[in-house]
Every structure is written in C-alpha cells, then in structure tokens.
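The structure appears below as structure tokens.
In this text the structure is predicted, and so the values were computed from the model without any measurement. Residue numbers start from 1 in every chain, and the chains themselves are labelled A, B, ... in the order their sequence lines are given, proteins ahead of strands.
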Amino acid sequence: MKKAIPPILLLIMIIDLLTLTGCWDRKDIENRGYVLGIAVDSYSPKDTKAKGHEAKKEEFEETETAIGQPIYEMTVQIPIIKRSPSLAASGAGGSSGGNEPKTWQISQVGNAFISMEREMESRTSLTLYYEHLQVLVLSDKVLKDGLHNMVDFFLRHREMRTSVSLFVAEGSAKKILEVVPQEEDHAATYLFELPINADKNSRIAYKHNLGEAMNCLRSGDAFILPRVEASKDEIKITGGALIKDGKMAGWADELDIEVINVMADKYQGGTVIGRLPGSDEGIIIMEVTSSKTKVTPVIKDGELSFDVHVKMKGKYAEQVGVTSGGLVDIEYIKECEKEFAKTIETRCKKTIEKMQKECNVDVFQLNRKVRTQKPAYWEEVKDEWDEIFPNLDINVKADVTIQMIGVMK
Amino acid sequence: MLNILRKWLSKGGRGEKQNTEGEENKDNQQSQKNQTQNNQTIYGQKYQNIKLTRNLQDNITNIKNAMNNNFDIKAKEFRLRGQEIYAGVIYIENIANEDTVLQHIVNPLMIESSLIIDRDDPILFKTIIESMVTAEYVKVVESIDEIILALMSGDTFLCIQGYEKGFIISTRKYVGRQVGEPILEPSVQGSQEGFTETIRDNVGLIRRRLRDPNLVFSVHQLGRRTKLEVVVIYIKDIADQNIVNDVIKRINALDIEGVQSAAQLGLHITDSPNSIFPLFQLTERPDRTVRGLMEGRVAILIEGGARALLVPVTLPLMVQSVDDYCENWIIASILRLSRYVGLFVSAFLPAIYIAVTSHHPGMLPNVLVLTIAGSRAGMPFPAIMEAILMEVTIAMLQEASIRLPRVVGQTVSIVGGLVIGQAAVQAGIVGPIMVIITALTAIGSFTIPDYSLSLATRAIRIPFMILASTLGIFGVSMGMLLLLIYIADLKSFGVRYIRPLSPYRSSDLRQILVSSKKSSMIERPIFLNPQDKQKQSEAKKGDGYGK
C-alpha cells in the first residue's frame with residue numbers, strides 16, 4: 001500500500017502552491033488605472049504640436065514604424081483617484097479645490113497599439129486596466145484609412161469587451177475625451193451615457209458597440225457609427241458616419257439617422273411633424289410611442305424591389321398655428337394620421353434616395369434581408385450588389401395610429 | 001490527492017469510527033462487560049474490602065471513614081420505639097433534605113411506629129420498609145459502593161442493628177436556580193422558559209410539554225469521580241432505534257473523570273472531535289428539545305448542565321429557530337432564508353470582497369469600482385491585511401465582551417465601536433468599505449441561531465481570505481469545494497451532516513429550506529429515519545376550521 005503523505009507535509013505543499021503560484025495578477029483596487037475611454041487619431045507630425053514625452057517617443061517610434069502603415073495617436077483616459085474629499089477633510093484637514101482635473105489623458109504615438117500601450121505603462125504608476133473601457137472614439141481620418149487596420153488590438157486584448165461603444169469624431173478624437181463635462185466626472189462616462197436618450201430623440205443613432213461593428217465588418221455589411229461633436233464642456237451626438245467595407249464613405253445627417261433608425265426597426269421614440277389638415281401654415285406634432293418596421297424583399301419578373309411597411313403609434317402631442325377651436329374629433333384624427341404618414345413616407349424616400357444615389361451605401365442592410373430571405377437570388381447578385389443597390393425600387397408605406405390626444409385642461 | 005485529503009480530514013473521528021465499526025462485536029462485548037463491572041463496583045476496587053456487619057456502630061464508622069469523616073456527614077443513632085433495637089441514619093447535610101430525614105425516617109421509626117405495630121411484635125426488616133418509613137423511595141442495599149454513591153447523591157442510608165444490609169431512602173435536596181429565561185436563545189414568540197442546572201427540573205420541563213407515555217428517559221451514571229446522572233431521552237415509537245443504541249453505547253463506553261456540561265459531553269461522544277462544525281446541537285430551550293424529540297432525535301441531559309444535547313444534527317437543522325414554527329410559513333421561510341444569507345455572508349463576504357477588489361475589479365460596475373478605489377486611495381495596507389486586522393479586532397472585541405462582567409461590558413462596545421468604526425478610518429489605516437464589510441460579516445454571524453456554528457464560520461473566514469488574496473475567486477471557489485467535501489464527509493451519529501441538502505429529496509428539502517406548509521405539518525423529516533413518518537392526518541391540514 002502506498003504510504004500516505006503526513007498532513008503537515010501536505011499543509012506545507014498547499015502553502016507553497018499558494019505562495020509560489022498565486023498572486024500573479026493580484027493588484028489592489030486603487031493601484032490600477034481604469035481606462036474609461038480610448039481615442040484614436042491619425043497622426044501626422046506636421047499638424048500636431050507634440051511636446052515633451054510624445055515628441056521624444058516620436059523619434060523612437062519612427063524606427064519601429066512599419067513602412068507605409070498609418071501612424072496612430074492613441075489617447076487613453078484614466079480617472080485621477082484621490083482620497084475622497086470627505087475623508088481627506090476629516091483626516092488631514094486639507095482642502096480640495098473644485099478645479100482640479102478629474103481625468104488624465106495619456107497620448108502615445110505609434111502604429112502598433114500594443115507597443116503604444118506598453119509605452120504608456122512607463123509613464124504611469126498605475127497599471128492600465130481595460131475591463132472598464134466604455135467608449136472608443138475614432139477620428140474620421142482613422143476611419144478613412146480603414147477600421148480593419150486598427151481594430152485587431154481591441155478585439156484580441158484580454159481585458160477588453162465587445163460591449164465597448166464606438167463613436168466617430170470629425171477631426172480630433174482626443175478633443176472629445178478632453179471635454180470636462182458638467183454632469184459626469186469623466187468625459188468617457190458622459191459619452192457612454194449619451195445614447196440613453198434615444199427613446200426621446202430619434203435622431204440619436206442607436207448604439208453600435210465593438211462586437212456589432214465587428215459582425216458587420218466581417219460579413220461586409222455597411223453600418224453606421226454615431227458621430228460626436230465636442231465643445232468645451234459638452235458633447236453632442238449629431239448624425240453618423242457611414243462605414244462601407246470597413247472604410248468611411250460619408251456622413252449622414254440627423255434626419256438621415258432618423259430614417260435609418262426607422263428602417264432598421266430600431267426606432268425607439270421621437271416626434272413626427274405633419275401639416276395641419278385644412279391649413280397652409282399650422283403644423284401638428286406626434287410623439288411616437290411605438291414603431292414597427294417590416295422590410296420585405298419582393299422579386300417580380302426577376303426584378304428585386306423592397307416593400308417597407310412602417311407602423312407607428314403615438315400621441316397627438318402639440319398643434320401649432322391653430323386658429324379656432326382646438327377640439328378634435330374622430331374625423332380630424334383620421335386626417336392627422338394621414339398627414340403624419342405622408343411625412344414619414346416623404347422623409348424616408350428622401351434619405352433612401354440620398355443613400356442610393358449620393359453615397360451608394362447600403363446602410364439599411366438590405367443585403368441581409370435578401371441574403372436571409374431570398375438566398376437563391378442573393379447568390380446571383382451578391383457580387384454586383386453595389387450596382388444593384390442604387391437602382392432598387394424601395395416602396396415605403398406608413399401607417400399611423402393616434403392613440404391619445406393628450407390631457408385637455 | 002482526494003484520498004490523501006480524505007484520510008487527512010478523517011484522521012480525527014472517522015478513522016476511529018471505522019475501526020470501532022470493524023470490531024463492533026468485540027467492542028460491544030467489552031462495553032457490556034464494562035457496564036456489568038461498573039454495576040458491581042461503582043467506585044472501582046476502592047471499597048471492596050469494606051463490608052456491612054451486624055454491628056451498627058461499626059457500619060457507621062466504616063462508612064464515615066470511607067468518606068474521610070468530613071464535617072458535613074451526619075450520622076444519627078436512635079432506638080426504635082418500644083424495642084431494644086437500634087438504628088442509625090447517615091446523610092450529607094447540604095445535599096440531603098434534613099426535614100425529610102427527620103419527618104419521614106427518624107420520626108416514624110422513633111415515635112409513630114407504635115401506632116402501626118404492637119409493642120410486643122418483633123420488628124422485622126421487612127416491616128420497616130413496608131409500614132414504617134414514609135419516604136418516597138426505599139431500596140435495600142448491601143454493598144458499600146452503592147451506599148456511598150447514594151449518600152453522595154443526597155440520599156440517606158438507614159442501618160438497623162443486627163442486619164448486614166440497610167436501606168437507601170431518597171431524601172435528595174435540589175438547590176439551584178429557578179427556571180429562568182433562555183439567555184442565549186431568546187425567541188420572540190416561543191416560550192420564555194429555559195433549562196436550569198437541575199436535571200429534575202429539566203426533565204419536568206420536557207415532561208410538561210410532551211405527555212406521551214412513549215417518552216423514554218434512560219438514566220446513566222457518568223464519570224469516574226463525578227458520577228453524574230446523564231439522561232438519554234427519546235420517543236420510543238419515533239426515534240430510530242439504531243441512533244438511540246449508538247448514543248447509549250457511546251455514553252457507556254466513556255471512561256472519563258467527569259464532565260460538567262452538556263457541551264463537554266457532546267465533545268466526548270461526537271463522531272469527529274476535530275470537526276470545526278458542531279456535530280451536536282446544544283439548546284437551553286425545552287420547546288426546541290421537545291420539537292427535536294418529535295422529529296425523531298435524541299436529547300441528552302446532564303446533571304448540572306443547563307443545556308440539552310440534541311443528536312443527530314445536520315447543518316440545515318442548525319439554521320432553524322424556534323420562531324420559524326410560530327409564524328406563517330411565508331414569513332418563516334423569509335426569516336430562514338435571511339439566516340442562510342447571514343451564514344454565507346459571515347463565512348465568505350470578506351473573502352469575496354478581497355478577491356473581487358484585488359483580482360477581478362472587472363466584475364464590479366464602473367461607478368462602484370471608482371468609488372471603492374477612491375475610498376482606498378492612499379491606504380497603507382493591501383486589502384488582505386486590512387481584513388485580517390479588522391477580523392482580529394472584532395474577534396478580540398467579541399471575546400472581551402463575553403469575558404467582561406456585565407457592568408463594564410458597555411465600555412467595550414463603546415471603545416470598540418469608536419476604534420473600529422471611526423478612528424481607524426479617519427487615521428487612514430482601514431478603508432471605510434472594509435469597515436462596512438466587517439460589520440456586515442459580524443451581523444451575518446449574529447443571525448446564526450447556533451453559537452458553535454457561528455464560531456465555525458469565524459474559523460474558516462481567515463483561511464478563505466488568504467485563498468482569496470492569493471488565488472482570487474478561483475481560490476475562493478476551490479476553497480468552497482473543499483469545504484463542501486469536508487462537510488459532506490462529516491457525520492453526526494450516523495447521519496450525514498449535509499442531509500437533507502444531499503441526497504436530494506424534495507419533501508425534506510422543502511421542509512428544511514423553506515418551511516413549506518404541507519410538508520412541515522404532515523410529514524416528519526425522513527432523513528432522520530423516524531419510525532412513525534406521519535405527524536398528523538391529511539384531513540386536518542392545519543388551516544383551521546375555515547372553509
């Protein structure tokens with residue numbers, strides 16, 4: 001029979017195991033730098049006034065730069081964690097000024113993100129930690145070089161999640177992170193929370209995170225990334241960037257976004273304006289409570305066309321320029337519903353035409369509909385989709401139901 | 001690895017038990033032999049040479065000498081009325097009721113005997129017992145051993161001139177506390193009576209709540225020197241006879257000097273003395289004891305111990321409280337679940353906190369991680385040191401507040417509260433979140449109804465913290481796995497300690513985890529192997545007379 005190991009030896013073995021193998025990723029919570037947002041800019045020595053560390057790094061990095069590859073400037077935002085003011089006040093009696101910066105943006109230049117990241121580690125006493133990364137802001141120049149080029153690092157990194165929200169900035173992406181917001185402590189958190197109001201304002205592009213963007217990139221579908229603009233203490237979501245084949249193919253304005261949301265059945269809520277029935281000047285406004293869109297590919301005589309059926313329900317929210325009465329009856333409501341439907345249809349047609357003719361970006365992802373619903377046809381046309389899409393016949397039909405007319409006092 | 005572990009874990013109790021099981025027959029014979037020997041010579045060979053003689057004087061002197069002529073041994077000689085026969089009584093004045101001795105033994109023999117028997121009739125040994133002594137219990141004895149034990153217990157020995165035997169007459173006096181409130185196990189709705197140190201009162205408290213002729217009290221003497229009564233109580237037609245036999249066997253097999261409390265006795269007869277989890281349940285509540293008996297468990301009372309020992313016990317039974325049965329089953333289930341949460345929090349919360357903050361901050365939501373990091377910024381110690389520091393402080397505080405007399409006790413809580421709660425945080429030694437965690441842990445441990453079980457959670461807390469700080473959540477989960485193996489390996493009088501959590505039996509589980517109405521009213525928990533499985537008929541479901 002095998003001799004049993006005496007318990008004391010076993011105990012020593014266990015303690016050894018713990019102390020020798022353990023702890024490799026132990027780091028107390030306050031010793032990590034929580035990267036909340038990353039901004040990626042395209043770097044050109046001419047228009048960026050680099051100074052200090054960045055400049056020195058620049059020389060160094062150039063030797064490592066792969067020839068012909070775009071050079072990026074990566075900026076990470078980490079919160080500056082100080083002892084919370086109440087404790088500091090009671091403990092040391094120190095005063096904490098309100099104007100101290102709450103975040104620290106570290107920038108680094110290079111064309112491989114991992115080497116930029118490691119360079120940053122040499123500049124901070126905290127270990128950069130990416131599990132709380134919320135937003136990734138890309139400059140439009142980066143997008144013009146192509147997403148494929150840069151996104152690899154963000155997908156492979158052990159600590160990064162696919163739920164990171166993507167945003168596009170015109171010009172400098174770094175500026176977005178440098179905003180000192182009024183309501184949140186950190187620009188990244190502020191930016192992350194912005195699309196939350198998409199159920200109030202339909203002109204906010206629905207969230208696109210890294211995972212969804214990756215799906216579209218891999219399947220070759222076009223998609224839209226929300227575009228952000230920054231002032232000193234404010235960030236606004238305005239329109240979006242159209243991405244086709246991993247590259248930016250143009251801008252969509254806010255009205256386009258609204259239609260894109262409708263077409264993608266991601267419309268969460270907003271307002272629709274219509275003309276006041278029987279009047280030339282007045283307008284009526286509906287607050288949309290629910291919207292359902294059905295996009296059906298139809299093949300007739302070998303020709304592909306799309307039927308888009310939009311069903312909206314809403315409240316009669318406001319009327320402007322009404323001279324008499326103001327009371328509504330069922331007939332009037334029916335009239336209004338027709339007016340709203342008309343607006344929706346025209347608006348949709350306008351944007352669809354813009355996407356088809358001007359941009360030639362299938363941002364509505366109609367190709368997916370064909371691929372899934374008419375696979376045989378898709379096999380025939382998949383190589384020439386770019387030629388087919390601009391000439392597609394897309395019929396939009398809207399149905400509007402007004403459920404409530406508001407509280408009349 | 002597992003084998004080694006098992007072996008290591010079982011080194012204390014289980015191994016021994018396997019041995020005893022293996023040589024059960026031999027063991028049984030031995031213990032029986034021991035018992036018969038015990039019956040013959042209670043105090044061993046000590047009084048073998050002393051024999052009762054026909055001479056009264058000699059007997060009294062011998063007995064007194066055997067007990068070292070102590071001052072409190074009273075002997076009184078007297079003449080039976082009207083006859084030239086002398087008799088003597090010996091008793092110990094503090095534990096015997098002198099009134100009884102005089103009123104019911106001496107008085108009838110000296111004075112009143114003439115009313116019953118004629119002056120001329122000879123007084124026979126038999127007549128004394130049958131018609132003269134009016135005390136409650138009389139027994140004829142011949143061996144000095146028995147006499148001494150009786151005297152030590154407070155009985156009186158009556159010796160008649162000319163006989164080589166005498167009478168033991170019960171005159172015990174019970175001095176002790178009145179029946180008071182249960183201090184350690186207070187209850188909101190339950191009865192407010194607790195056991196006392198007097199076994200007679202305790203038996204009475206149980207008897208009064210359970211008028212079942214099948215209630216069995218089996219009395220044993222325990223301890224080489226203390227010779228205390230130990231009463232094993234069970235309900236004959238419910239309790240599993242194997243468990244009862246096991247308990248009695250273990251008590252009789254004990255050869256110890258003596259125990260003073262039920263807890264000590266429990267440690268002597270437990271399955272695994274090395275187990276940190278209590279394998280027997282101590283209670284000072286008669287109503288809980290009665291409930292245990294009706295579940296088919298065995299209660300053990302010991303003279304001088306104000307607790308009853310309930311065996312077998314399993315982990316989920318420990319988490320039950322008397323109030324569970326006084327409330328509506330929904331309320332009771334919520335209360336019980338909150339106690340399970342308390343148990344979990346008390347054992348694992350600091351470990352989980354350490355693991356998450358120092359290994360996996362990604363598990364925390366964004367804002368929370370920044371808050372915690374903010375509160376810990378500039379702290380001199382890592383989380384594990386902080387936790388151990390606080391743990392030690394809390395342990396000392398608890399210990400101090402138990403040891404200190406009640407008058408000064410409040411000082412401890414004030415000083416402790418201030419030191420831990422505020423000063424440590426303000427001085428920047430301990431983070432405020434850690435204070436919250438420690439406080440939650442302490443509160444969690446207070447929700448556990450069984451004191452020994454809450455001590456067990458305290459014992460595993462620090463090892464788990466070390467695991468958490470070295471291996472993170474992985475370490476904690478490995479530790480939990482090992483703990484589960486350990487608990488599953490424990491047995492309390494042949495019943496697995498995690499029953500009825502495993503093996504799965506839905507009715508038992510319902511009854512234990514949530515006190516489901518139907519099952520707790522009608523069926524007895526099966527895992528204790530009761531003989532009578534039904535508590536009441538299906539027809540009376542206990543939902544009153546309505547409907």
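For the pair A:Lys232 and A:Glu234, the salt-bridge criterion is not met [side-chain N within less than 4.0 Å of a carboxylate O].
Between A:Tyr190 and A:His186, the ring center distance fails the sub-6.0 Å criterion.
For A:Glu131, the side chain to side chain donor-acceptor pair (under 3.5 Å) test picks out A:Tyr129, A:Arg161, with sequence neighbours left out. By the side chain to side chain contact (heavy atoms under 4.5 Å, CB included) test, A:Thr162 pairs with no residue at all, sequence neighbours left out.
Both the backbone and the side chain of B:Leu364 come within less than 4.5 Å of a heavy atom of chain A. If you measure heavy-atom distances from A:Glu159 to chain B, you find no contacts under 4.5 Å at all.
Among the candidates B:Gly472, B:Ser358, B:Ala355, B:Ala373, the residue making the largest number of heavy-atom pairs closer than 4.5 Å to chain A is B:Ser358. Of the listed residues B:Val367, B:Ile354, B:Leu370, B:Val369, the one with more heavy-atom pairs under 4.5 angstrom with chain A than any other is B:Val369. Comparing A:Glu30, A:Arg32, A:Gln134 by heavy-atom pairs within less than 4.5 Å of chain B, the highest count is held by A:Glu30. Note on B:Thr357, B:Thr371, B:Ile384: by heavy-atom pairs under 4.5 Å with chain A, the leading option is B:Thr357.
In this structure, B:Tyr486 and B:Phe277 have tilted ring planes: the angle between them lies in the 30° to 60° band.
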